[in-house]
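Shown next, in structure tokens, is the structure this report addresses.
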Amino acid sequence: MNATETPTLPALQTEVSRLREELHLRDQLVQQLSQELFRLVKGNANFKPPAEVSERHQAQMRVLREQLQDVEQQVRFYQEQITTRDQEIYQLRQSVQELTDRSRMLEQVVQELPQIYRQKFAERMAPVREKVSRLQRENRQLHAELQSVSYRLAVRNRNITHVDLPSFGRPSNSPIPTFGSV
């Protein structure tokens with residue numbers, strides 16, 4: 001796995017698990033070797049491994065230590081990545097929770113909007129209804145007055161036997177034209 005790749009969390013966990021198993025296996029081998037060496041040295045006080053075997057073991061130990069250091073570096077790298085990802089996950093969960101809370105609040109507001117609009121509309125319509133009611137009362141009053149005046153005029157006109165016709169004055173010097181003189 002390259003350092004440029006960005007493995008997923010399960011892949012990282014698998015890799016860390018595999019590396020831990022390798023480390024555990026190497027630890028067991030080192031322990032077994034040390035026990036075997038101790039047993040051999042204890043059983044034979046004069047035992048001294050040949051120099052070439054000792055150097056070979058030391059070379060193998062150096063190689064194993066270097067490999068162990070590489071594995072430890074990889075483990076630290078992966079643990080840092082896991083920690084970073086855990087922080088990102090925590091932040092994302094917080095964001096999701098905040099957005100969920102906000103969404104619920106907005107849903108509640110949206111559900112209350114029709115009632116709020118009805119209430120506001122009713123508040124705005126109250127003065128209009130009152131004005132319409134006042135105009136209707138005034139209209140009925142004026143209509144009643146008009147009927148009353150019409151009735152009084154009708155009664156008054158019935159009582160008058162004489163009809164007022166307009167009078168036209170005759171011109172004094174001009175005769176009334178007759179059909180014969182025209």
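The shown structure was predicted, so the numbers you read here are calculated from the model rather than taken from an experiment. Starting from 1, each residue takes its place in the sequence as its number.
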### Query
Under a single-linkage definition using a 4.5 Å side-chain heavy-atom cutoff for Ile, Leu, Val, Met, Phe, Trp and Tyr, are V132 and F121 assigned to the same hydrophobic cluster?
yes
### Query
So E88 and R85, side chain to side chain contact (heavy atoms under 4.5 Å, CB included) or not? Walk me through it.
CA-CA 5 Å; E88 290 174 1; R85 297 267 168 90; 4.1 Å; yes
#### Entry: N/O donor-acceptor pair under 3.5 Å between S150 side chain and L146 backbone
yes
### Task
For residues V128 and M125, determine if any side-chain heavy atom of one lies less than 4.5 Å from a side-chain heavy atom of the other.
yes
### Query
Ion pair present between R76 and E80, side-chain N to carboxylate O less than 4.0 angstrom?
no
#### Entry: Single-linkage hydrophobic cluster, 4.5 Å side-chain cutoff, I82 and L19 together
yes
### Message
Are L37 and L29 connected into the same hydrophobic cluster when the rule is that any two of I, L, V, M, F, W, Y join if their side-chain heavy atoms are below 4.5 Å apart?
### Response
no
### Task
Drop me the distance from I89's CD1 to Q94's CD, to the nearest 0.5 angstrom.
13.0 Å
### Query
Salt bridge check: are E22 and R18 linked by an N-O gap of less than 4.0 Å?
yes
### Message
Once rounded to the nearest 0.5 Å, what's the spacing between atom CD of Q74 and atom CD of E72?
### Response
11.0 Å
### Message
Using the rule side chain to side chain contact (heavy atoms under 4.5 Å, CB included), only one of D70, V71, V75 pairs with Q73; which is it?
### Response
D70
### Query
According to a 4.5 Å side-chain heavy-atom criterion applied to Ile, Leu, Val, Met, Phe, Trp and Tyr, with indirect links allowed, do L23 and V16 form part of one hydrophobic cluster?
no
### Query
At what distance, to the nearest 0.5 angstrom, does OG of S148 lie from NE2 of H143?
12.0 Å
### Task
Decide side chain to side chain donor-acceptor pair (under 3.5 Å) for R137 and S133; before the verdict, give the C-alpha distance in whole Å, the side-chain angles of both, and the deciding distance to 0.1 Å.
CA-CA 6 Å; R137 281 193 308 269; S133 175; 3.1 Å; yes
### Message
Let's go through V149 and R152 carefully: what are the C-alpha distance in whole Å and the side-chain angles of both, what is the deciding distance for side chain to side chain contact (heavy atoms under 4.5 Å, CB included) to 0.1 Å, and is it a yes or a no?
### Response
CA-CA 5 Å; V149 168; R152 281 186 275 163; 3.5 Å; yes
### Query
How many angstroms lie between atom CZ of R140 and atom CG of L142, to the nearest 0.5 angstrom?
11.5 Å
### Co-membership, hydrophobic cluster, residues L9 and Y78, 4.5 Å side-chain
yes
### Query
To the nearest 0.5 Å, how far apart are CG in L68 and CE in M61?
9.5 Å
#### Entry: Point-to-point distance, once rounded to the nearest 0.5 Å, from CD of Q115 to CG of L113
10.5 Å
